[in-house]
Amino acid sequence: MPVATGGAIRGLTSGGVIATGTRILLSNAWHLMLQPGDERIATLGGLHRLMAWDRPILTDSGGYQVASLENLRKVSETGVHLRSYRDGSPHDLTPERAIEIQRNLGSDIAMVLDECLSLPAPPEEVERAAARSLRWAERSLVPQRAPGQLLFGIVQGGTLADVRRDNARALVSLGPPGEGFDGFGIGGLLMGEAGEDTRRMTALSAEVLGEERPRYLMGAGLPADLIESAGLGMDLFDSVIPTRLARRGIVFTSTGRLNVSRAPYRDDVAPLDEECECLACRDYCRAWLHHLLRAKERIAATLLSAHNLTFYAGLMARLREAIAADCFSDFHEENRHRWRSAGS
Ligand code: PRF
Ligand code: ZN
């Protein structure tokens with residue numbers, strides 16, 4: 001899922017995003033609650049209609065903002081007391097309110113409010129945040145959802161195997177049989193821990209959560225991470241990586257990864273990727289894209305974001321095909337090193 005935090009992917013229209021082959025977007029309840037307001041969005045016809053996006057939307061709850069706005073928030077049992085990054089105004093985000101916001105937005109998948117910590121964190125803090133996230137998850141199952149809207153619980157527990165395992169177990173058994181969560185986010189990872197810990201905790205979470213319901217590794221976005229964690233049982237991912245890197249000139253191609261803003265591309269008349277059919281690759285060469293970036297032309301972000309999203313949609317499609325054809329291991333082996341670092 002590309003990230004449209006405030007309801008838009010920077011530089012692209014929804015039609016432009018659809019042209020990349022993207023099938024689902026992530027948006028953020030906390031940001032949309034502040035601006036333009038969730039009730040306003042409901043009154044105006046809902047997020048899909050306003051965004052002119054008729055495919056699925058997943059909304060994150062704002063739990064991640066607990067970690068990323070560290071100096072702007074206070075967490076208590078009731079919920080999160082956050083200050084707006086816009087004007088410093090105070091807001092209380094409770095688990096119940098997070099569900100209500102997402103109902104107003106009308107997203108297809110809503111996430112519970114959780115407490116995500118930056119790592120490393122003291123073990124007792126991790127344990128306390130996981131326990132609280134679980135109590136919040138329980139409170140989230142009660143309020144009314146939008147018709148047809150799915151609700152995902154979120155596993156916390158940092159890199160503490162026992163805490164995370166217990167947390168996932170408890171989450172799976174919440175709610176009456178058949179009426180619990182529709183899927184699960186694996187949260188609290190990719191927060192500064194070592195790659196080996198991410199893998200271990202992802203695998204452990206996947207095992208406890210089981211295969212019946214979708215499992216979503218929150219915040220994963222490097223191609224190698226997506227392939228690897230798919231191998232560990234992950235079904236969904238979200239990240240700002242494809243679009244954020246694109247704006248800095250970094251693109252993924254069928255052969256590797258390159259930074260087209262660098263000098264070697266100034267006179268390169270090849271497309272970004274011979275095998276890509278995106279807007280940028282169809283009409284422009286690397287030299288011109290290099291120029292647009294250097295000249296700070298806004299179309300550069302548009303073209304390179306379209307390219308990266310096309311690349312990611314293609315990568316996910318090939319990954320699904322490999323899994324369906326039972327040749328994931330070959331796919332993993334062929335691709336595990338391809339996008340690791342700055343290449344050609
Ligand atoms: N919780 C929520 N959103 C998230 C995370 C989390 O733990 C992460 C962790 N990498 C990304 N986005 N609600
Ligand atoms: Zn392209």
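Everything numeric in this text was worked out from a predicted model, so none of it was measured. Both counts, for ligands and for their atoms, begin at 1 and track the order of listing.
Residue Ile154 has at least one heavy-atom neighbour below 4.0 Å for each of these atoms of ligand 1: 13 (N). Interface of Met191 with ligand 1, defined as ligand atoms under 4.0 Å from a residue heavy atom, comprises 9 (C), 10 (N). Which parts of ligand 1 touch Ser61 is read off a 4.0 Å heavy-atom cut-off, strictly below it: atoms 13 (N). Under a 4.0 Å criterion applied to the non-hydrogen atoms of Gly187, ligand 1 contributes the atoms 6 (C), 7 (O).
For atom 3 (N) of ligand 1, the closest heavy atom belonging to the protein is Asp60 OD2, 2.6 Å. Protein heavy atom at the shortest distance from atom 1 (N) of ligand 1 is Asp114 OD2, 2.7 Å.
Between Gly188 and ligand 1, a contact under 3.5 Å exists for at least one N or O pair. Checked by distance only, ligand 1 and Val112 stay at 3.5 Å or farther apart across all their nitrogen or oxygen atoms. Remark: ligand 1 and Leu189 share an N or O pair separated by less than 3.5 Å (distance only, no angle test). Ligand 1 has no N or O atom lying under 3.5 Å from any N or O atom of Asp238, backbone or side chain.
Donor-acceptor pairing under 3.5 Å is lacking for the side chains of His290 and Asp267. Counting only N and O atoms by type, the side chains of Arg338 and Asn335 include a donor and acceptor under 3.5 Å apart. A side-chain donor-acceptor contact under 3.5 Å links Thr59 and Gln102. Using a 3.5 Å distance cut-off with no hydrogens or angles, the side chains of Tyr64 and Asn28 do not pair a donor with an acceptor.
Minimum heavy-atom separation, Ala220 to Leu226: O-CD2, 3.5 Å. Taking every heavy atom of both residues into account, Phe328 and Ile323 meet most closely at CD1-CG1, 4.1 Å.
Taking the N/O/S atoms of His307 in turn, the shortest distance to the Zn ion (ligand 2) belongs to ND1.
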* Would you sort out whether Trp339 and Phe311 count as a ring-ring contact (aromatic ring centres under 6.0 Å, His included), showing the intermediate values? => CA-CA 12 Å; Trp339 301 287; Phe311 168 84; 5.2 Å; yes

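Counting heavy atoms under 4.0 Å from ligand 1, residue Gln156 touches it through the side chain alone.
When ring centroids are compared, His31 and Tyr85 come within the 6.0 Å threshold.
At the Zn ion (ligand 2), the vertex angle linking SG of Cys281 with SG of Cys278 is 110° (nearest 10 degrees).
Ring pair Phe184/Phe181 is perpendicular by interplanar angle, where above 60° counts as perpendicular and below 30° as parallel.
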